[in-house]
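What follows is one structure encoded as structure tokens, with my remarks underneath.
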Amino acid sequence: MDLELEEITEEALKMKEIELNGIIGPIPPPPPSQERIDRIMNAVMKDSADFVVEGMGRGLKGVLDTMIALKKKDDDGPKRSY
Amino acid sequence: METVEKKSEVKSDDVEGNTESNSERPVDVDADLVARCQAELPGNTAAYYELLQKYESMVYSTCYRMLGDKLEAEEATQDAFLRIFHKITQFEGRSTFKTWMFRIVYNFCMTRRRKLATKREREETVGDELQTRTNEVHREAMGPDMDNSEYVHLALKELRDEDREIITLRFISDLSLEQMTEVLDIKLSATKMRLYRAMEKFKEVYLRHQKVREEALNGS
């Protein structure tokens, strides 16, 4: 390990950043794209709907299995603090 | 910088960035929105939509700089926000939401980049020829009409992956040193070292590009 590199201070970094900002100027983020946002929301909604349908498909047995598993986890593991 | 964050320990096996620390909790400007998401999802997506609107552009921009491809960046952004949607109820606030989110984004970018690299390795039967062509395209692209962010993008593309990542996290994602330390899962001293070195390299490459640009402008 290069000792010199361990001595980089936040001050030195700050100076380097200022220098770099002075050279390249501001980098504005691209404007938000409504098209991209809509596409993500569509994917999220579809995924969410699939999840609900899958859960319903498991029906009462699925719900009971989950409850039993949680109960077992509680019994086996350390007490949860709420 | 919109967050004030204290360093907290990051466990390497904690992929979602829920860090184990009893030290002072960071101030999270997104806490209200996150709490609403945790209470209302999946039935009501209003708060999630607000988070999406707030960060989509920054996340996309980060993915674009890291992956260097718009389509890949769009897919990585979507994957990351889907993961956030499903995991936000497990977020415990041990880091800021922004740090947690960028850790997910960073992990998705790394996975995608590895896949891309493997794919490119398979495809590149004439590797050197392709690189020459890429360089030519870059030179042609460096016309006077390009805006600053495109020059930054070209310069970033020339950096090593490691340098590009840290420059992107600092200047595009606007993360603090402490936040970058958590996202990259390295020590603070290593973060400083990497950032300093990366900035020096970036400056060198950017100035070289600027010289080419000026020569092109003077020649036209």
Side-chain angles (χ1 to χ4, degrees), chain A residues 1-58 62-63 66 69-70 73-74 77-78 80-82, chain B residues 41-43 45 48-49 52-62 64-65 70 73-75 77-86 147-153 155-156 167-168 170-174 177 187-200 202-203 206-207 209-210:
Chain A
M1 177 73 63
D2 189 343
L3 273 180
E4 174 202 334
L5 293 169
E6 287 199 62
E7 289 163 12
I8 289 172
T9 61
E10 291 195 18
E11 184 65 23
L13 272 174
K14 196 80 203 157
M15 295 303 289
K16 185 55 92 181
E17 269 191 40
I18 290 169
E19 184 194 352
L20 207 56
N21 278 325
I23 294 170
I24 62 177
I27 314 169
S33 155
Q34 195 55 46
E35 195 188 329
R36 285 200 309 260
I37 289 174
D38 289 346
R39 211 162 33 232
I40 291 169
M41 276 313 280
N42 285 339
V44 162
M45 298 313 278
K46 186 183 175 303
D47 217 48
S48 183
D50 287 350
F51 184 72
V52 171
V53 170
E54 191 188 315
M56 285 164 71
R58 284 199 302 269
V63 174
T66 308
L70 283 174
K73 206 174 166 187
D74 263 359
R80 290 182 186 181
S81 55
Y82 293 97
Chain B
L41 285 179
T45 54
Y48 174 82
Y49 188 72
L52 180 61
Q53 280 194 312
K54 181 175 177 183
Y55 286 115
E56 191 276 340
S57 168
M58 195 182 267
V59 167
Y60 169 75
S61 198
T62 300
Y64 178 47
R65 309 292 176 183
K70 286 184 178 171
E74 279 186 18
E75 287 179 7
T77 305
Q78 182 167 313
D79 287 348
F81 275 108
L82 263 176
R83 174 65 63 89
I84 290 162
F85 179 85
H86 287 297
D147 69 25
N148 191 38
S149 70
E150 287 171 279
Y151 281 107
V152 168
H153 185 68
L156 278 174
I167 292 276
T168 301
R170 179 68 196 102
F171 291 92
I172 309 292
S173 318
D174 197 25
L177 274 176
K187 287 182 179 170
L188 183 63
S189 58
T191 308
K192 287 180 188 172
M193 179 178 76
R194 269 175 67 173
L195 180 61
Y196 192 88
R197 282 186 154 180
M199 283 196 290
E200 284 197 319
F202 180 79
K203 180 185 154 194
Y206 185 85
L207 287 177
H209 280 209
Q210 197 177 43

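Just so it is clear, the values below take in all heavy atoms, side chains as well, and ignore hydrogens, waters and symmetry mates.
Looking at B:Leu52 and A:Met41, their side chains come closer than 4.5 Å, going by heavy atoms from C-beta outward. Side-chain contact check for A:Asp47 versus B:Phe85: every heavy-atom pair is 4.5 Å or farther apart. Side-chain contact check for A:Leu13 versus B:Met199: some heavy-atom pair is nearer than 4.5 Å. Proximity of A:Ile8 to B:Arg197: side-chain heavy atoms (C-beta onward) are nowhere separated by under 4.5 Å.
Interface residue B:Arg65: only side-chain heavy atoms are found under 4.5 Å from chain A. Of the atoms belonging to A:Ile37, heavy atoms from both backbone and side chain fall under 4.5 Å from chain B. Only the side chain of A:Asp38 comes within contact range of chain B, with heavy atoms under 4.5 Å apart. In this structure, chain A has no heavy atom under 4.5 Å from any part of B:Leu41. For chain B, the nearby parts of A:Glu17 are the backbone and the side chain; heavy atoms of each come within less than 4.5 Å.
Atom CD of A:Gln34 has more than 12 heavy atoms from other residues, nucleotides or ligands within 6.0 Å.
Note: B:Phe171 leads B:Phe81, B:Phe171, B:Tyr64 in heavy-atom pairs under 4.5 Å with chain A. When each of B:Gln78, B:Gln53, B:Glu200 is scored by its heavy-atom pairs under 4.5 Å with chain A, the top score falls to B:Gln78. Ranked by heavy-atom pairs under 4.5 Å with chain B, the list A:Ile24, A:Leu20, A:Ile23, A:Asn21 is led by A:Ile24.
In plain terms, the two heavy atoms of A:Pro31 and B:Ser57 that are nearest each other are C-OG, 4.2 Å.
The structure places CD of A:Glu10 at 6.0 Å from CG of B:Leu188, a figure rounded to the nearest 0.5 Å.
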